[in-house]
> 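Below you'll find the structure I mean.
All values derive from a computational prediction rather than experimental measurement. The sequence lines fix the lettering, A, B, ..., with proteins before strands; numbering per chain opens at 1.
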Number of protein chains: 4
Amino acid sequence: MTNLSFFVFAFGPAFGMNPQVDVNPRKFPRQARARATVEAIIVATAQLLTEEGFEALTTARVAERAGVSVGSLYQYFPNKRALAAAVVDHHSEKLVAAFDAAWQSHDTLAAAVDSMIRAALVTHPHRPELHRALNELAPRVGRAEKAQQISARIAGLIETVLARHRHELAPDLEPADAAALIETVLETVSHRAIQDHPASIPDEKAVIQCRRLILAYLTSPCIGVG
Amino acid sequence: MTNLSFFVFAFGPAFGMNPQVDVNPRKFPRQARARATVEAIIVATAQLLTEEGFEALTTARVAERAGVSVGSLYQYFPNKRALAAAVVDHHSEKLVAAFDAAWQSHDTLAAAVDSMIRAALVTHPHRPELHRALNELAPRVGRAEKAQQISARIAGLIETVLARHRHELAPDLEPADAAALIETVLETVSHRAIQDHPASIPDEKAVIQCRRLILAYLTSPCIGVG
Amino acid sequence: MTNLSFFVFAFGPAFGMNPQVDVNPRKFPRQARARATVEAIIVATAQLLTEEGFEALTTARVAERAGVSVGSLYQYFPNKRALAAAVVDHHSEKLVAAFDAAWQSHDTLAAAVDSMIRAALVTHPHRPELHRALNELAPRVGRAEKAQQISARIAGLIETVLARHRHELAPDLEPADAAALIETVLETVSHRAIQDHPASIPDEKAVIQCRRLILAYLTSPCIGVG
Amino acid sequence: MTNLSFFVFAFGPAFGMNPQVDVNPRKFPRQARARATVEAIIVATAQLLTEEGFEALTTARVAERAGVSVGSLYQYFPNKRALAAAVVDHHSEKLVAAFDAAWQSHDTLAAAVDSMIRAALVTHPHRPELHRALNELAPRVGRAEKAQQISARIAGLIETVLARHRHELAPDLEPADAAALIETVLETVSHRAIQDHPASIPDEKAVIQCRRLILAYLTSPCIGVG
DNA sequence: GATGAATGAGTTTTCATTCAT
DNA sequence: TATGAATGAAAACTCATTCAT
């Protein structure tokens with residue numbers, strides 16, 4: 001049940017890139033100006049990632065877009081992958097924060113599930129292309145671990161809620177497994193909702209279907225086994 | 001409800017790569033020797049894609065692994081992306097064929113759903129890394145369209161089955177929407193099953209959960225509408 | 001006064017290409033079919049040279065255009081430069097033949113000059129692009145020598161004519177020098193005529209100007225010597 | 001009367017090379033060091049063009065000869081053709097400047113013609129091979145237009161001079177046509193003079209012949225019209 | 001600190017030429 | 001003899017990274 005990623009990272013162990021390269025920022029910007037520089041670089045990276053993908057990302061273009069020189073870029077980031085890692089980190093923070101904020105406790109299971117779905121949709125980065133890029137990037141960029149942490153954390157939140165509504169659940173349901181499954185489903189379905197209707201998020205039809213799927217799963221006794 | 005991808009392609013419109021580059025094979029091998037060459041190149045590409053990812057793919061390495069010269073490679077494929085596209089095509093064919101083969105008609109809805117799940121698991125490429133690589137690659141490589149076709153085709157198959165068991169379904173269920181949702185869920189869940197237990201496919205626990213999820217969704221009346 | 005080229009080759013000693021490569025045909029086609037093959041190859045080369053220039057000439061394209069295989073091409077031509085050399089040779093023959101044919105003896109100097117100009121215009125290859133390509137090609141392709149021969153031969157013809165009309169010429173004119181100069185002028189002016197009015201050759205205005213230039217030169221006594 | 005090229009470009013519209021490739025410099029060197037680099041690259045290109053021709057020109061050799069890295073070369077020039085274009089541009093400037101400088105007004109037509117010839121000979125690049133290379137290169141390298149401009153400009157200068165000496169000219173001479181013809185002749189003849197006697201420019205014999213040709217043309221009434 | 005010029009290893013891609021069938 | 005598959009050296013071009021100013 002590991003490896004489930006709710007938001008940022010769909011995939012398991014890193015692959016395709018030498019993992020021993022250090023990807024962490026070189027130093028933290030102290031002065032305000034430096035902080036602005038770093039911020040600009042991260043924003044530029046995110047934009048280019050969204051527009052063109054990782055293949056087309058070059059340090060020169062990032063620097064140009066950010067309005068700084070390559071030299072400055074390398075002052076804060078040791079290599080190209082560190083750029084992408086920084087973007088992943090940056091957005092991870094945002095995601096977790098947003099998710100936590102959207103989360104509330106509710107009286108009924110139905111209301112709780114609604115809250116989950118709402119949180120999932122709301123906390124997705126609004127630009128699905130960036131989301132996708134981050135999803136694909138994280139493991140390649142040395143951020144697979146962090147992905148799993150977030151994933152697990154969200155599954156944990158879900159499990160807590162389920163426990164709170166244990167009496168409404170089908171009795172033979174394993175809460176941990178159910179939580180993991182729901183995390184996966186939420187991830188998938190909100191992905192789809194965003195792809196199909198990027199403009200009108202949350203897409204009500206998708207929300208209704210999703211709620212139905214999850215609620216039915218949680219409350220129906222096991223039928224038709226084997 | 002487009003853009004659902006069951007097997008090969010999780011994502012929407014291509015991005016991240018200049019689309020006007022032609023990605024189609026340069027010519028078809030006529031002689032047996034040439035056919036073997038092309039085959040070897042595709043196999044080598046698939047291997048390297050699996051092992052190292054698209055970033056690390058170089059035409060030189062593909063040629064080396066395939067035991068041919070770069071020249072031979074370029075005789076049949078106009079560029080690097082065409083290699084990946086060929087792999088996608090190659091496996092798409094296999095997938096559709098496998099899926100069709102695994103498909104059977106059954107008496108009960110439960111049995112039909114079992115059949116779906118079984119087909120989903122069975123027809124996944126056994127190397128999940130390749131599957132993932134293909135998933136990510138397809139849109140970047142000019143194969144987004146084909147992805148949607150396959151997706152839609154599988155959703156269509158599912159819809160047919162649902163229609164056949166209409167009397168067992170919750171009456172307020174839209175068959176087309178349900179089929180699309182199931183396609184998405186199957187894709188995701190079988191992904192996860194493979195990632196978590198690559199050795200023992202099909203993972204029985206995942207299968208049971210998945211069946212439960214889908215059956216509950218299909219048969220429960222809509223409850224707890226907010 | 002060497003190096004003057006009337007038709008085919010404007011420039012002096014070969015440069016830019018290793019001269020020790022043999023450029024002569026490999027063998028002469030004996031059978032009719034083989035002769036047709038060689039013919040087709042030369043025609044195809046000439047076309048591609050005209051359309052795309054020497055840079056873009058590849059043996060594969062020549063073979064394709066000629067409707068034969070590369071292998072067949074190499075059966076008759078040892079290397080790429082030999083192709084161009086063959087075209088040069090081929091057209092040289094044609095040029096000389098055409099020039100000889102257009103040449104007639106006339107009563108007056110004016111009529112003789114007219115004849116020269118007419119011959120120059122008529123015997124230019126009708127596709128000026130090919131002409132230019134050949135011009136540039138000859139020295140690079142080991143055919144500089146032949147170019148000079150043709151050049152000299154035409155200058156010789158002109159000198160003969162001048163001698164025949166010696167009494168009409170300015171007395172202090174050196175016939176050999178004059179012939180060489182005229183050869184050069186004819187070359188240039190007919191070039192220009194073709195470039196400016198490719199459709200309507202001979203361009204009457206250019207012909208008149210040219211005649212005036214040459215006749216004035218031949219008949220005026222030397223004036224205004226600095 | 002376009003398309004006459006006095007110095008740099010003997011031929012008409014570009015051919016033989018894909019024209020949509022951008023040939024302009026990538027960026028202008030700002031720092032002194034960069035300016036030196038660009039200068040070195042242009043000089044090296046000119047040398048290699050002279051010694052070996054365009055066929056044998058490789059970016060690696062240019063860089064080596066210039067004492068810089070390929071990377072530096074590509075920082076300023078987007079491709080190989082841009083190198084040649086830069087050389088053409090560079091020398092065009094020089095040519096026009098030199099021509100303007102050599103130009104003077106004179107009392108008699110004969111003196112004016114002498115001045116033209118002198119200017120033509122003097123302002124030729126001293127290395128005729130480079131001149132030839134530039135001549136052939138200009139159109140292939142996207143510089144045909146510029147060629148025509150220079151051509152036209154020189155013809156214009158000549159026409160002005162002719163107008164100033166209108167009373168000495170044959171009355172039925174069209175000044176514009178005559179200027180264009182003279183431009184062509186000067187180009188050709190100085191070419192030949194340089195080729196035949198590269199060491200002793202100006203070659204007195206050629207100068208005398210050339211003056212005679214032009215003066216006779218300008219002053220003789222039209223004779224022997226067909 | 002910031003800049004951007006310089007580097008060069010590493011890739012992609014081409015194409016003349018050979019040779020087994 | 002004809003074919004066209006295979007070759008691989010060689011060329012163009014990129015881009016992450018360094019470092020003098």
> Roughly how far, to the nearest 0.5 Å, is CG of A/Leu73 from OG1 of A/Thr59?
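Separation between the atoms: 6.5 Å.
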> For residues B/Arg61 and B/Leu48, determine if any side-chain heavy atom of one lies less than 4.5 Å from a side-chain heavy atom of the other.
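Yes, close enough: below the 4.5 Å cut-off.
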> Which part of the nucleic acid, if any, lies within reach of A/Tyr76 when heavy atoms closer than 4.0 Å are counted: base, sugar-phosphate only, or nothing?
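Sugar-phosphate contact only.
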> Quick one: does NZ or CZ of B/Lys80 land under 6.0 Å from the six-membered ring centre of B/Phe54, within 45 degrees of the ring axis?
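The answer is yes, since B/Lys80 meets both limits relative to B/Phe54.
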> If you look only at pairs with a residue in residues 38-48 of chain B, which of them pass as a salt bridge (charged side-chain N to carboxylate O under 4.0 Å, His left out), with sequence neighbours excluded?
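Sorted result for residues 38-48 of chain B: empty, none.
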> Taking a pair as Watson-Crick (N1 to N3 plus N6-O4 or O6-N4) or G-U wobble (N1-O2 and O6-N3), both under 3.5 Å, which stems of 3 or more consecutive pairs involve DNA chain F?
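Stem segments, range with range: E:2-21 with F:2-21.
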> What pair of heavy atoms forms the shortest contact from A/Ala40 to A/Ala66, and how long is it?
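Looking at all heavy atoms of both residues, the shortest contact is O-CB, 3.6 Å.
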> Can you check the D/Arg61 CZ to F/dA10 C1' distance for me, whole Å?
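Interatomic distance, CZ of D/Arg61 to C1' of F/dA10: 13 Å.
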> So, are D/Arg81 and C/Glu55 salt-bridged, with charged N and O less than 4.0 Å apart?
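Answer for the salt bridge query: no.
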> Which residues in residues 35-45 of chain A have at least one heavy atom lying under 4.0 Å from any atom of DNA chain F?
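When residues 35-45 of chain A is checked for heavy atoms under 4.0 Å from DNA chain F, there are no hits whatsoever.
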> Taking heavy atoms of chain B and a 4.0 Å limit, find me the 5'-most and 3'-most nucleotide of DNA chain E within that range.
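Nucleotide range in contact with chain B: E/dT11 to E/dC15.
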> Find the distance D/Glu64:CD to F/dA11:P and express it as a whole number of Å.
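Value for this atom pair: 12 Å.
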> Taking NZ, NE, NH1 and NH2 as the nitrogens, is one of them in C/Arg65 or C/Glu51 under 4.0 Å from a carboxylate oxygen of the other?
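Salt bridge: yes.
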> Among all residues two or more places apart in sequence or in another chain, which pass the side-chain hydrogen bond (donor to acceptor under 3.5 Å, both in side chains) test with A/Ser72?
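side-chain hydrogen bond (donor to acceptor under 3.5 Å, both in side chains) list for A/Ser72, sorted by chain: A/Ser69.
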> Do D/Ile42 and D/Phe77 come within less than 4.5 Å of each other through their side chains, counting heavy atoms only?
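They are in side-chain contact.
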> Looking at side-chain heavy atoms only, is the closest gap between A/Arg143 and A/Val23 below 4.5 Å?
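Yes, their side chains come closer than 4.5 Å.
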> Quick check: do D/Thr37 and D/Ile41 have side-chain heavy atoms less than 4.5 Å from each other?
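Yes. Closest side-chain heavy atoms under 4.5 Å.
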> When you match D/Gln31 and B/Gln75 each to their closest nucleotide on DNA chain E, which lands nearer the 5' end?
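Whichever sits nearer the 5' end wins; that is D/Gln31.
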> Dump every N/O contact between nucleotides 12-14 of chain F and the protein below 3.5 Å, one line per pair.
residue	atom	partner	partner atom	Å
F/dA12	OP2	D/Thr59	N	3.0
F/dA12	OP2	D/Thr59	OG1	3.0
F/dC13	OP2	D/Tyr74	OH	3.1
F/dC13	OP2	D/Lys80	N	3.3
F/dT14	OP2	D/Arg26	NH2	3.2

> Would you say the side chain of D/Tyr76 lies within less than 4.5 Å of the side chain of D/Lys27, judging by non-hydrogen atoms?
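D/Lys27 reaches D/Tyr76 side chain to side chain.
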> Between D/Arg33 and B/Lys27, which has a closest nucleotide on DNA chain F that is more 5'?
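Mapping each residue to its closest nucleotide by heavy atoms, the 5'-most match is B/Lys27.
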> Enter the distance from D/Arg33:CZ to D/Arg35:CZ here, rounded to the nearest 0.5 Å.
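These two atoms lie 12.5 Å from each other.
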